[in-house]
A.B. asks: 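Below you'll find the structure I mean.
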Amino acid sequence: MWDELRTRVEQALDDYLVTDSACPDRLNSSLRYSVQAGGKRLRPLLVLLSCEACGGEIEAAVPAAVAIELIHTYSLIHDDLPAMDNDDLRRGRPTNHRQFDEATAILAGDGLLTLAFEILARDVHPPEVAVSCVLDLSAAAGITGMVGGQMADLQGERPELRDSNSDESGQKSDQSAAVDQLESIHRRKTGRLLRSALTMGARIARAEADTVDLMDHFGKCVGLAFQIADDLLDFTGDAARMGKAVRKDAESGKLTYPGLLGVEESRRRAEHLIEEARCSIAPLGDRGQQLDALARFVLERDH
Ligand code: GRG
């Protein structure tokens, strides 16, 4: 399913990563290496399907679909670095810093982050929609979104990084407080970017504010369900199929949904969130069908 849209995304990613003599070959190879490693392209698909569900033209949303995948890829490159998660394998291949070196991997991430906003500012039309997408994606990726969530996640794992004036990032003893803490991390670390995929699609379709809000709610539910499913895959999944190490979270004592709530309750929560997401787009009628199917895919995926 969605093969045609995925092919369109791959082609656009390829077109945007043109070789320019001003960009050193090593940097160009490094960023291409990670972008073209073949992820699921979930975020670009959400941008395109949201735009279509809100009555817009898919083609108008392609630059935003590319931009969000570049941000996602940068976050994975940086997340894999020795100073962060220190991973050797991503999408079934050596991580960027393993294939190249740490300095190149940092710069490849920086380059992708910057290029994403260049693409949005230049290629989303009209300019006021481009500005609204730049604001949307920068807030989602930034210090109160993905970057802030990553910091809070690291603070949960490493006591030496915790804020002196707050216990917010400490590991909470009580189960419901720990679930709240986990949710607060994931809402920012992975959820905000997924929400932005949905809301940028709606903005490009020039949707009314209440439709943008509806997409935002759909994104919130799908984003959290995606994270629970990711924790479940880390707990029960197959490393070869996933293309990365599994059970790392559980073994490092990191807070996870199955670790806190058990596998059954985690699965039940994810199913409930997907139901809520599907109900929230019911007002779109048939136009929401593809998004509805994508929400179900989040639960069914095995990698
Ligand atoms: C370094 C600023 C900074 C942020 C990193 C998103 C993130 C923050 C780290 C990724 C860590 C991780 C494995 C989170 C779990 C959820 C997630 C984002 C999984 C990977 O996304 P997929 O499954 O990957 O969409 P593919 O490879 O299919 O694109």
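Whatever order the structure lists ligands and atoms in, that order sets their numbers, starting from 1.
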A.B. asks: Only heavy atoms count here, so choose which of Ser34, Gly149, Ser75 is nearest to atom 4 (C) of ligand 1.
C.D. replies: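 Nearest heavy atom to atom 4 (C) of ligand 1 lies in Ser75.
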
A.B. asks: Could you note down all residue pairs passing ring pair (Phe, Tyr, Trp, His ring centres under 6.0 Å) where residues 59-103 supplies at least one of them, sequence neighbours left out?
C.D. replies: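 Sorted pair list: Tyr33-Phe100, Tyr74-His78.
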
A.B. asks: Would you mind listing which atoms of ligand 1 come within a distance below 4.0 Å of any non-hydrogen atom of Arg301?
C.D. replies: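 Reading through ligand 1 atom by atom, the close ones are 23 (O).
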
A.B. asks: First locate atom SG of Cys133, then atom CZ of Arg203, and finally report the distance between them rounded to the nearest 0.5 Å.
C.D. replies: 7.0 Å

A.B. asks: Counting heavy atoms only, which part of Arg188 comes closer than 4.0 Å to ligand 1: side chain, backbone, both or neither?
C.D. replies: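 Arg188 to ligand 1: no contact under 4.0 Å from either part.
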
A.B. asks: With heavy atoms of Gly39 as the reference, note each atom of ligand 1 found under 4.0 Å away.
C.D. replies: 26 (P), 27 (O), 28 (O), 29 (O)

A.B. asks: With a distance cut-off below 6.0 Å to the six-membered ring centre and an angular limit of 45° from the axis, does Arg267 pair with Tyr257 as a cation-pi contact?
C.D. replies: no

A.B. asks: Which one of Gln150, His186, Lys40 has a non-hydrogen atom at the shortest distance from atom 3 (C) of ligand 1?
C.D. replies: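 Looking at heavy atoms only, the winner is Gln150.
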
A.B. asks: Tell me, please: is Leu42 in heavy-atom contact with ligand 1, that is, under 4.0 Å?
C.D. replies: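 Flag not set, Leu42 not near ligand 1.
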
A.B. asks: Would you check if Gln155 and Asp163 make a side-chain contact, meaning some heavy-atom pair closer than 4.5 Å?
C.D. replies: yes

A.B. asks: Do His217 and Glu276 come within less than 4.5 Å of each other through their side chains, counting heavy atoms only?
C.D. replies: yes

A.B. asks: Should you measure from each heavy atom of Asp230, which atoms of ligand 1 turn up under 4.0 Å away?
C.D. replies: 15 (C), 16 (C), 19 (C)

A.B. asks: Any nitrogen or oxygen of Glu69 lying under 3.5 Å from a nitrogen or oxygen in ligand 1? Just yes or no.
C.D. replies: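 There is no such contact.
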
A.B. asks: Are the side chains of Leu120 and Pro63 in contact, using a 4.5 Å heavy-atom criterion?
C.D. replies: no

A.B. asks: Applying the salt bridge (charged side-chain N to carboxylate O under 4.0 Å, His left out) test to Glu69, which of Arg6, Arg43, Arg41 qualifies?
C.D. replies: Arg41

A.B. asks: Just distances here: any N/O of Arg91 and N/O of ligand 1 closer than 3.5 Å?
C.D. replies: yes

A.B. asks: Under 4.0 Å from a heavy atom of Tyr74: which atoms of ligand 1 are those, numbered in the order shown and with their elements?
C.D. replies: 2 (C)

A.B. asks: When rounded to the nearest 0.5 angstrom, what distance separates CG in Leu255 from CD1 in Ile185?
C.D. replies: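 Reported to 0.5 Å precision, the distance equals 6.5 Å.
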
A.B. asks: Working to the nearest 0.5 Å, report the span between CG of Asn96 and CG of Leu31.
C.D. replies: 8.5 Å

A.B. asks: I'd like to check whether Arg41 has a polar contact with ligand 1, where a contact means an N/O of the residue lying under 3.5 Å from an N/O of the ligand.
C.D. replies: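 No, no N or O pair falls under 3.5 Å.
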
A.B. asks: Is there a polar contact, in the sense of an N or O pair closer than 3.5 Å, between Arg90 and ligand 1?
C.D. replies: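 No; every N/O pair is 3.5 Å or more apart.
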
A.B. asks: For ligand 1, which atoms sit closer than 4.0 Å to a heavy atom of His78?
C.D. replies: 1 (C)

A.B. asks: Provide the number and element of each atom of ligand 1 under 4.0 Å from a heavy atom of Phe226.
C.D. replies: 16 (C), 17 (C), 21 (O), 22 (P), 23 (O), 25 (O)

